[in-house]
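See structure below.
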Amino acid sequence: MSETKAVIRLSPLAREFYLRDPIVVARELMGKRLIRETSAGICGGRIVEVEAYLSQRDPACHASRGMTNRNAAMFGPPGHAYVYMIHSRWCLNAVTEPAGVPSAILIRAIEPLEGVELMHQRRRTDIVRDLARGPARLCEALAIDRTYNGWDLTAGRELWIADDPDAHLRPPRIVRSGRIGISSAQKRLLRFFDSESRFVSGARKLHAR
DNA sequence: CTACCGATTGACT
DNA sequence: GTCAATCGGTAGA
């Protein structure tokens with residue numbers, strides 16, 4: 001039986017969602033919807049992989065050596081984006097904890113659900129699995145660049161995160177691992193991903209729960 | 001100003 | 001599995 005699903009505008013997660021311990025926020029961002037709206041249309045999908053970067057005792061965090069022009073958004077209020085460039089590519093984070101406490105969640109991969117054709121155009125690939133598997137691919141698919149550094153993700157326009165109305169149908173199977181591309185601190189299991197998802201980047205080496 | 005380096009990706013063995 | 005392109009951010013002279 002097929003049903004035509006009404007196109008509803010998903011409400012953004014509130015600021016309080018992000019005003020918590022980053023590890024809690026990271027876990028709870030799993031399965032949420034990342035949504036991007038431009039004049040070309042809406043696109044987005046289900047978050048299947050994230051990493052936490054902590055304000056305390058985390059040398060891998062960009063803010064670990066104090067505030068600079070690049071990482072200033074991490075020191076701002078929760079629920080805003082921190083967008084940075086690495087190897088000439090953009091990556092998207094959601095800032096957590098109160099202003100002045102620099103922590104963030106790197107959004108590493110989504111399962112494309114909406115506006116898939118638009119993502120294909122931006123990524124110039126026919127392979128759905130490659131559209132947003134990895135933080136920089138995700139930003140290219142969603143047309144996210146430095147103009148979204150500091151963007152308020154709770155405003156519900158252009159770029160935001162919302163509850164997935166279908167979350168009860170397919171709860172993510174969440175497992176943890178060391179973060180990708182981080183040489184130090186591999187013992188810290190700050191990467192969260194859905195072990196059932198094909199749209200996850202990197203190795204599947206998992207440490208359940 | 002220069003030098004070094006990276007929360008990556010895509011191409012290749 | 002390996003490897004290097006590529007360029008802005010950062011630190012240091």
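Labels below follow one simple rule: chain letters A, B, ... track the order of the sequence lines, proteins then strands, and each chain is numbered from 1.
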Discussion item. We want to know whether T38(A) and E158(A) form a side-chain donor-acceptor pair, criterion being a heavy-atom distance below 3.5 angstrom.
Written reply: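 No, no side-chain donor-acceptor contact under 3.5 Å.
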
Taking the six-membered ring of [Y] as reference, does the NZ or CZ atom of [X] fall below 6.0 Å from its centre and within a 45° cone about the axis?
X	Y	value
R46(A)	F199(A)	no
R179(A)	Y53(A)	yes
R20(A)	F17(A)	yes

Discussion item. It should be established whether R146(A) places a side-chain nitrogen or oxygen under 4.0 Å from OP1 or OP2 of nucleotide dG9(C).
Written reply: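 So the side-chain polar atoms of R146(A) do come within 4.0 Å of the phosphate oxygens OP1 or OP2 of dG9(C), strictly under.
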
Discussion item. Taking only side-chain N and O atoms of R133(A), does any of them lie within less than 4.0 angstrom of OP1 or OP2 on dG10(B)?
Written reply: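 So the side-chain polar atoms of R133(A) never come under 4.0 Å of the phosphate oxygens OP1 or OP2 of dG10(B).
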
Worksheet item: Does R70(A) or R137(A) map to a spot on DNA chain B nearer the 5' end, using the closest nucleotide for each?
Response: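 The 5'-side residue here is R70(A).
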
Round to the nearest Å and state the distance from [X] atom [atom1] to [N] atom [atom2].
X	N	atom1	atom2	answer
Y53(A)	dG6(B)	OH	P	13 Å
D145(A)	dC7(C)	CG	P	16 Å
R124(A)	dT9(B)	CZ	P	14 Å
R65(A)	dA11(C)	CZ	C1'	10 Å
L138(A)	dA7(B)	CG	C1'	13 Å
N149(A)	dG9(C)	CG	C1'	13 Å
H62(A)	dG9(C)	NE2	P	12 Å
E49(A)	dA7(B)	CD	P	15 Å

Discussion item. Apply side-chain hydrogen bond (donor to acceptor under 3.5 Å, both in side chains) to residues E111(A) and S197(A) and explain how you reach the verdict.
Written reply: CA-CA 8 Å; E111(A) 171 185 345; S197(A) 176; 4.8 Å; no

Discussion item. Using a 3.5 Å distance criterion without hydrogens, assess whether the side chain of R15(A) forms a donor-acceptor pair with backbone atoms of P78(A).
Written reply: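 Flag set: sc R15(A) to bb P78(A) pair under 3.5 Å.
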
Worksheet item: Any salt bridge between R173(A) and D194(A), counting N to O under 4.0 Å?
Response: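 Not counted as a salt bridge, because no side-chain N and carboxylate O are separated by less than 4.0 Å.
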
Worksheet item: At under 4.0 Å between heavy atoms, what does R108(A) touch on the DNA or RNA strands: base, sugar-phosphate, or nothing?
Response: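 Sugar-phosphate, backbone atoms only, no base.
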
Taking the side chain of [X] as its heavy atoms from C-beta onward, which of [options] lies nearest to it?
X	options	value
N69(A)	dT10(C), dT9(B), dA7(B)	dT10(C)
I182(A)	dG9(C), dT8(B), dA7(B)	dA7(B)
I180(A)	dG10(B), dG9(C), dT8(B)	dT8(B)

Worksheet item: Watson-Crick or G-U wobble partner for dT6(C), using a 3.5 Å limit on both distances?
Response: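 Pairing partner: none.
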
Discussion item. Going by purine N1 to pyrimidine N3 plus the second Watson-Crick contact, or the G-U wobble pair, all under 3.5 Å, which nucleotide sits opposite dA7(B)?
Written reply: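 Its partner is none (no Watson-Crick or G-U wobble pair with both distances under 3.5 Å).
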
Fill in: Any residue of residues 82-98 of chain A with a heavy atom less than 4.0 Å from an atom of DNA chain B
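The stretch gives Y82(A), Y84(A), I86(A), H87(A), R89(A), N93(A) as the residues lying under 4.0 Å from the strand, ordered by number.
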
